[in-house]
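To start, the structure itself, in structure tokens.
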Amino acid sequence: EDQVTQSPEALRLQEGESSSLNCSYTVSGLRGLFWYRQDPGKGPEFLFTLYSAGEEKEKERLKATLTKKESFLHITAPKPEDSATYLCAVRLGGNTPLVFGKGTRLSVIA
Amino acid sequence: SQTIHQWPATLVQPVGSPLSLECTVEGTSNPNLYWYRQAAGRGLQLLFYSVGIGQISSEVPQNLSASRPQDRQFILSSKKLLLSDSGFYLCAWSLAGGADTQYFGPGTRLTVL
């Protein structure tokens, strides 16, 4: 059973059409939730870390929020350069490794 | 600032051949280091992680091995590659202590023929 589930698997948006990506997790004792952006053929690029329910972080057109069971990555008025795969990961605690979801592939069409 | 390097960027190897991928980190000391493999439709799979020189933890049994001969150097190896070893290999680092963000390198695309 997957501990981290991202939805949708793929999302196609028109430029300027705002939307949200979801990351739900079943683990308890969350010690951090991480969002990354990955362009084709490149390593993931860090975006945000969230640690507690109710926390929000913003960067340009992106805003990440966290509840007790899920996180949302809101994309406001996206541009074609926002097209990428967005990965979510959780850390359970201590020196435990991150557990990654399979990602959401976002395409923004001009 | 910290930077992470991986080489080679791409590699095509025959089945049964050996493998050595290298990762180095600059600008930090005693980092945690990680090797991941990313296959299409399967997400990131943690292979190995290390909290110090000579300390390697394996997450998935396979024909791969890892070594950390120096503080900021992490090597992924295999004696005999399998077709199933093809994929995108990523190295990452984080600050010691484990609670911090992981930062990824540019990756190595390995194709085993």
Side-chain angles (χ1 to χ4, degrees), chain A residues 1-10 21-27 29-52 55 57 59 64 66 71 84-106, chain B residues 1-11 21 23 25 30-52 55-60 66 74 87-111:
Chain A
E1 179 186 344
D2 288 345
Q3 295 177 299
V4 181
T5 303
Q6 291 189 247
S7 62
E9 290 186 13
L21 313 182
N22 178 263
C23 172
S24 63
Y25 54 94
T26 58
V27 298
L30 182 74
R31 293 287 298 275
L33 186 141
F34 303 79
W35 282 100
Y36 290 85
R37 169 195 170 124
Q38 186 175 25
D39 293 304
K42 296 187 177 181
E45 173 190 349
F46 169 70
L47 294 174
F48 304 108
T49 307
L50 302 167
Y51 290 105
S52 56
E55 189 175 358
K57 289 193 177 174
K59 180 180 180 180
L66 181 65
S71 176
T85 295
Y86 291 84
L87 300 171
C88 165
V90 301
R91 180 185 299 286
L92 298 180
N95 241 353
T96 58
L98 296 182
V99 178
F100 279 85
K102 294 181 180 179
T104 293
R105 189 172 64 253
L106 174 66
Chain B
S1 63
Q2 300 86 6
T3 55
I4 179 169
H5 305 279
Q6 286 186 247
W7 63 89
T10 61
L11 191 60
L21 303 181
C23 170
V25 180
N30 195 32
N32 289 350
L33 296 173
Y34 310 83
W35 278 112
Y36 289 87
R37 178 168 57 204
Q38 189 173 38
R42 296 192 59 186
L44 279 165
Q45 179 188 34
L46 179 65
L47 302 175
F48 302 94
Y49 70 96
S50 171
V51 299
Q55 302 178 63
I56 310 293
S57 296
S58 174
E59 290 295 303
V60 181
F74 206 22
F88 191 48
Y89 287 83
L90 290 157
C91 181
W93 73 273
S94 68
L95 292 175
D100 255 82
T101 301
Q102 289 182 19
Y103 299 92
F104 286 84
T108 294
R109 172 71 60 189
L110 172 66
T111 303

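In what follows, chains carry the letters A, B, and so on, assigned in the order in which the sequence lines appear, proteins first and then strands, with residues in each chain numbered from 1. Small disclaimer: the values here were computed from a predicted structure and weren't measured.
The residue among B/Gln38, B/Arg109, B/Gln45 with the most heavy atom pairs within less than 4.5 Å of chain A is B/Gln38. Note on A/Pro44, A/Gly32, A/Gly103: by heavy-atom pairs under 4.5 Å with chain B, the leading option is A/Pro44.
At a 4.5 Å heavy-atom cutoff, A/Gln6 makes no contact with chain B through either its backbone or its side chain. Proximity to chain A (any heavy atom under 4.5 Å) is shown, for B/Leu44, by both the backbone and the side chain.
Separation of atoms OH (B/Tyr36) and CG (A/Leu98) is listed at 4.5 Å; rounding is to 0.5 Å.
For the residue pair A/Gln38 and B/Phe88, the shortest heavy atom distance occurs at NE2-CE2, 3.9 Å.
Heavy-atom contacts from other residues, nucleotides or ligands closer than 6.0 Å to CD of B/Gln2 number more than 12.
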